[in-house]
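Nothing here was measured: the structure is a model prediction, and the numbers come from that model.
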Amino acid sequence: MQIDINKCFFCSEEITEKKTQEHIIPNSLLGKMGIKNETIKGRGEFTYSRLKVPAHYKCNSEFGSRYESEIIEFLENPNETYQTLINEDQGIPLQYGPDNSVTSKISTWLIKIYYGIFYNDYLKVKDEEWKLISKNIIDIPNFNFIRKSYKNSYGFYLPSSLYSFKSKDSLFDLKTLIFPQTIMMQIDSLIFILNIEDGYLLCHYLILELLTDFRYNLIQNEKSKEIFPTRIFALSELVSLRMCIPKSPKFMFSDNEITNNSLSTMVTNPEQYYAIDNELLNKKRKEVLLYFGIALEITEQNNAHDDHYG
């Protein structure tokens, strides 16, 4: 795939009229958080306000009117949004399809930000190694399907596991991981973590009872400790679990639809065959926490739950 400054981020078509620049994170949100001129940490040196991708005026305005105005409203009512997302945690959709749920809209928005960051880097970063990494993220069938789906007014994401958490700390933080493809964003006290295009595999393993216990233990740890980065512990747990799931997302594409086969299997004993290796999970959990700068002695004190994933 050849990507250049004359191709639209949303629909991949060439821009022949006056080109617009889509802010990857809405300008109004950047202003509200007071971070327009802060530099995003990564291989490129960009302030948040300069994270932009080329787009048709129509595509840009349609995405903004369909998603970002609602997202801003959700963020202005964090307690209500958090409760709504918890209520929507309670099951895995049997059939994938964009809908009007808050989960769907926030997932769409976060996926736009995730791909937008790497799209921006591919176009602007001079480091050839990072440019190639960025290209490998946006030059994949999944992203191509997402853009085609958007062009056909079906949506802008594939089945992805979204989780929300609350923190007593109010701040802005944004982290992206290449493998597993994950984005974490904290805005004020509300934390979103999206495992991108995993076919709901995380949802399948982190069932509602375990998720409820996990949230409770995070809250208790935050209350009892002077410093406890809830967002990092939540992100590390989800990432390490995803790395240990012995299945891979599997999608079937046709011209206008997608079937999620990630949860299907032909084995006779799926619970045993696809069981989580808890020893490996503990190892990965420590590795991920160390990657984010959390000391080992802290990880031993703050295991949020016993390892009994499905």
Side-chain angles (χ1 to χ4, degrees), residues 1 12 88-99 101 103-115 118-119 133-163 176-184 192-208 210-211 235 237-278 280-281 284 288 307-310:
M1 176 177 66
S12 76
E88 293 178 357
D89 275 337
Q90 298 179 12
I92 298 172
L94 297 176
Q95 185 174 3
Y96 162 74
D99 54 45
S101 67
T103 298
S104 176
K105 290 174 180 177
I106 291 177
S107 297
T108 295
W109 183 60
L110 291 174
I111 283 181
K112 189 269 284 195
I113 293 173
Y114 182 86
Y115 281 118
F118 288 102
Y119 201 96
I133 290 172
S134 298
K135 184 177 187 295
N136 288 338
I137 291 173
I138 57 180
D139 188 12
I140 59 172
N142 285 4
F143 183 50
N144 292 336
F145 183 87
I146 285 172
R147 298 165 93 190
K148 182 177 180 180
S149 175
Y150 174 80
K151 189 161 53 176
N152 292 332
S153 300
Y154 298 137
F156 200 69
Y157 84 107
L158 293 174
S160 305
S161 297
L162 175 68
Y163 293 94
T176 58
L177 294 176
I178 294 173
F179 179 78
Q181 285 187 286
T182 306
I183 182 169
M184 184 281 294
F192 302 120
I193 300 175
L194 185 71
N195 193 255
I196 295 173
E197 296 152 23
D198 73 330
Y200 301 126
L201 284 171
L202 262 184
C203 294
H204 182 67
Y205 280 80
L206 189 54
I207 60 175
L208 184 59
L210 288 173
L211 178 58
L235 176 61
E237 185 68 22
L238 296 177
V239 166
S240 57
L241 174 58
R242 176 66 188 89
M243 293 171 72
C244 293
I245 293 176
K247 290 194 76 175
S248 299
K250 186 177 180 181
F251 305 122
M252 290 184 63
F253 301 94
S254 66
D255 286 343
N256 294 316
E257 63 182 7
I258 177 177
T259 302
N260 178 24
N261 290 330
S262 305
L263 304 178
S264 62
T265 180
M266 298 295 290
V267 301
T268 56
N269 56 342
E271 290 187 5
Q272 179 180 348
Y273 189 86
Y274 296 115
I276 295 293
D277 182 332
N278 286 323
L280 177 62
L281 176 60
K284 291 296 182 185
V288 175
D307 297 321
H308 298 297
Y309 291 113

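For the pairing with Tyr115, the ring pair (Phe, Tyr, Trp, His ring centres under 6.0 Å) check across Trp109, Phe143, Phe156 returns one residue only, Phe143.
Proximity of a side-chain donor or acceptor of Ser264 to a complementary backbone N or O of Asn261 within less than 3.5 Å is detected. Formation of a donor-acceptor pair under 3.5 Å by the Thr108 side chain with backbone atoms of Ser104 is found in this model.
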Under the side-chain contact (heavy atoms from CB on, under 4.5 Å) criterion, do Ile113 and Thr176 qualify, and how do the steps go?
CA-CA 10 Å; Ile113 293 173; Thr176 58; over 6 Å; no
After noting the C-alpha distance and the side-chain angles of Tyr273 and Thr265, does the key distance pass the side-chain contact (heavy atoms from CB on, under 4.5 Å) rule?
CA-CA 10 Å; Tyr273 189 86; Thr265 180; 5.7 Å; no
Does Leu201 form a side-chain contact (heavy atoms from CB on, under 4.5 Å) with Leu263? I'd like the steps, not just the answer.
CA-CA 7 Å; Leu201 284 171; Leu263 304 178; 3.8 Å; yes
Val267 and Gln272: CA distance, side-chain angles, deciding distance, side-chain contact (heavy atoms from CB on, under 4.5 Å) verdict:
CA-CA 10 Å; Val267 301; Gln272 179 180 348; over 6 Å; no
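Applying the salt bridge (charged side-chain N to carboxylate O under 4.0 Å, His left out) test to Lys284 and every residue at least two apart in sequence or in another chain returns Glu287. Every residue was checked against the salt bridge (charged side-chain N to carboxylate O under 4.0 Å, His left out) condition with Lys250, not counting sequence neighbours, and none meets it.
For the atom pair Ser240 OG and Leu280 CG, the distance stands at 9.5 Å (nearest 0.5 Å). Distance check, rounded to the nearest 0.5 Å: CG of Leu110 to CZ of Phe192 gives 7.0 Å. To the nearest 0.5 Å, atom CD1 of residue Ile140 and atom CD1 of residue Ile146 are 7.5 Å apart. From Leu208, atom CG reaches atom CG of Asp89 across 6.5 Å, with rounding to the nearest 0.5 Å. One finds the CG atom of Asn136 at 9.0 Å from the CD1 atom of Ile178 (value rounded to the nearest 0.5 Å). Rounding to the nearest 0.5 Å gives a distance of 9.0 Å between CG of Leu162 and OH of Tyr157.
Considering all non-hydrogen atoms of both residues, Pro180 and Met243 come closest at CD-CG, 3.6 Å. Taking each heavy atom of Lys247 and Arg242 in turn, the nearest pair found is O-NH1, 3.9 Å. The two residues Pro246 and Ile276 have their closest heavy-atom pair at CD-CD1, 4.1 Å. For the pair Ile138 and Asn144, the tightest heavy-atom approach, listed with the atom from each and the gap, is O-OD1, 4.3 Å. Here the closest non-hydrogen pair linking Pro249 and Ser262 is CA-OG, 3.3 Å.
Residues Asn260 and Phe251 are in side-chain contact: their nearest non-hydrogen atoms beyond the backbone lie under 4.5 Å apart. Contact of the Tyr114 side chain with the Leu194 side chain is not registered, since no non-hydrogen atoms from C-beta on lie closer than 4.5 Å.
A side-chain donor from one of Ser161 and Asp198 sits under 3.5 Å from a side-chain acceptor of the other.
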